[in-house]
Each structure stands twice: as structure tokens, then as C-alpha cells.
Amino acid sequence: MNIAKNLAELRRAVPSRVKIIAVSKTKPIELLQAAYDAGQRAFGENYVQELVEKSPLLPSDIEWHFIGHLQTNKVKNIAPFVSYIHAVDSEKLLREIDKQAEKNARVINCLLQFHIADEESKFGFQLDTYKEVLNAIPFGEFKHIRICGVMGMASFVQNQLQIESEFNTLKNIFDELKTGLFKDHSEFVELSMGMSGDWPLAVDKGSTMIRIGSSIFGNRI
Ligand SMILES: *Cc1c(COP(=O)(O)O)cnc(C)c1O
């Protein structure tokens, strides 16, 4: 696995306006270090325990993105150092992130996750209810959170039309929130969508952050 070469190829193919997040879950720190040495600074992890164990062993200027499902009782473990939390999908979680960020005298960047896939197992705000749910959340009270945009995962299918339609759905939600609920939030700019298998389509649809694991580090076993 030539990580530097994989990253170089990816950087050539991805427009410069799109941030590449290297998804390093289950991978040993040697591989993360290799990506770091090749210039990569944004890394994504899915599991709190794993992130807490790896982060102190790696350079301190890494920008850590937590991209997995986050349990409220574990927010305190990553609040001291995490830069972005991608999969925020409840008021309860927002409150806890705000509380723990305040304890650490920090502001944590958050993305709101939407359930765009046609699959049971994915988390996120539901498409049929999110408007009421979001309108009832007192975002103004959260002084230690920056809502930076939205995140979603397309269905794990081959059907490109289905994936395209799910990315369109997320882009439409982003546009609607950007001109509506978050119109006074200049930091609401990120559309986190696209993984190794579907990032070109996501970028085509306006993604600003792609989360790439296997195309950089190889397949996970
Ligand atoms: C694992 C994971 C990725 C990366 O997946 P690859 O297909 O290996 O690129 C991206 N986003 C999330 C939320 C993930 O859990």
C-alpha cells in the first residue's frame, strides 16, 4: 500500500476547493504517520476509544474529524481536541457537545447529519421530520458550537442514479438551511458527502469535504 502515491493521485483528481479527510479507522498509527508525512493533516475516525488512543501518539497539528455515531456519554473524551464532529443528529448530543466544549474553553465545529440513504442502519435527522425538529432546537444557546454545515452517507449500492438522487437531496437540504435557518451563520459552508466509492459523484453535486478511507489506506478487513 503506497499511501503517498494514493494521496497524490487523489489530490490530482479532486478539485482544490474540496477538503480530503483521510479516514483512518482500524488502521495502525504507522499508516497515519505515512499519510501525515505525505502532507495530509485532516484525519477522520469513527470510534471514540480508538481516536483517544491514537491521537496522542501522532503530531499535534492534525485536524481530527469524528465521523462516526457519537454517544452522548463519550463526548467528554474527545472534546479536548477534536476539530469537527460530523454526525450530529439530536438536540441532546448538541447540548452535550456544547457543555463539554465549554469545559475545555473551546468551540467545536459540528455538521448536522441527515438520513439520506434508503437503509435502516444509518443515523441522522429524518427527511420527513427534520424541519420541525431543527426549528425547535435553540441553536442560539450553544455558544461553544459552530454549526458548519451538513453531512450524509448515500446508500451502499451500485445504482448510480440512486446515489446521485441521495446526494441531490442532501445538497437541497444544505441550500435550504443556508438560506433559511442558518442564513445569518457565515460559517455554514460545508457539505460533507462522498467516500472512496462515490466521491466523484458527490463532488459533482457540490461536496466540500470527502471522507476517504480505503482509497488511501487500502481495504479494511
Ligand atoms: C468508513 C467511513 C468512510 C470511508 O469509507 P471508504 O469507503 O473506506 O472511503 C467515510 N465516511 C464514514 C462515515 C465512514 O464510516
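Atoms within each ligand, like the ligands themselves, are counted from 1 in listed order. The first residue in the sequence is number 1, and the count goes up from there.
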Is a side-chain donor-acceptor pair under 3.5 Å present for Gln100 with Asn104?
no
Presence of salt bridge, Glu96 and Lys76, under 4.0 angstrom
no
Establish, yes or no, whether a centroid distance under 6.0 Å links the rings of Phe182 and His185.
yes
Check ion pair Glu9-Lys5 (N to O, under 4.0 angstrom)
yes
In chain-and-number order, ligand 1 lies under 4.0 Å from a heavy atom of each of Val23, Lys25, Asn46, Ile67, Met151, Met153, Met195, Ser196, Arg211, Ile212, Gly213, Ser214, Arg220
Distance-only side-chain donor-acceptor flag, His69 / Gln71, under 3.5 Å
no
What pairs of donor and acceptor atoms, side-chain ones from residues 190-202 against any protein atom, are under 3.5 angstrom apart with sequence neighbours left out?
{"unit_1": "Glu190", "atom_1": "OE1", "unit_2": "Thr208", "atom_2": "OG1", "d": "2.6"}
{"unit_1": "Ser192", "atom_1": "OG", "unit_2": "His86", "atom_2": "ND1", "d": "3.0"}
{"unit_1": "Ser192", "atom_1": "OG", "unit_2": "Arg211", "atom_2": "NH1", "d": "2.8"}
{"unit_1": "Ser196", "atom_1": "OG", "unit_2": "Ser214", "atom_2": "N", "d": "3.4"}
{"unit_1": "Ser196", "atom_1": "OG", "unit_2": "Ser214", "atom_2": "OG", "d": "3.4"}
{"unit_1": "Ser196", "atom_1": "OG", "unit_2": "Ser215", "atom_2": "N", "d": "3.1"}
{"unit_1": "Ser196", "atom_1": "OG", "unit_2": "Ser215", "atom_2": "OG", "d": "3.3"}
{"unit_1": "Asp198", "atom_1": "OD1", "unit_2": "Met195", "atom_2": "N", "d": "2.6"}

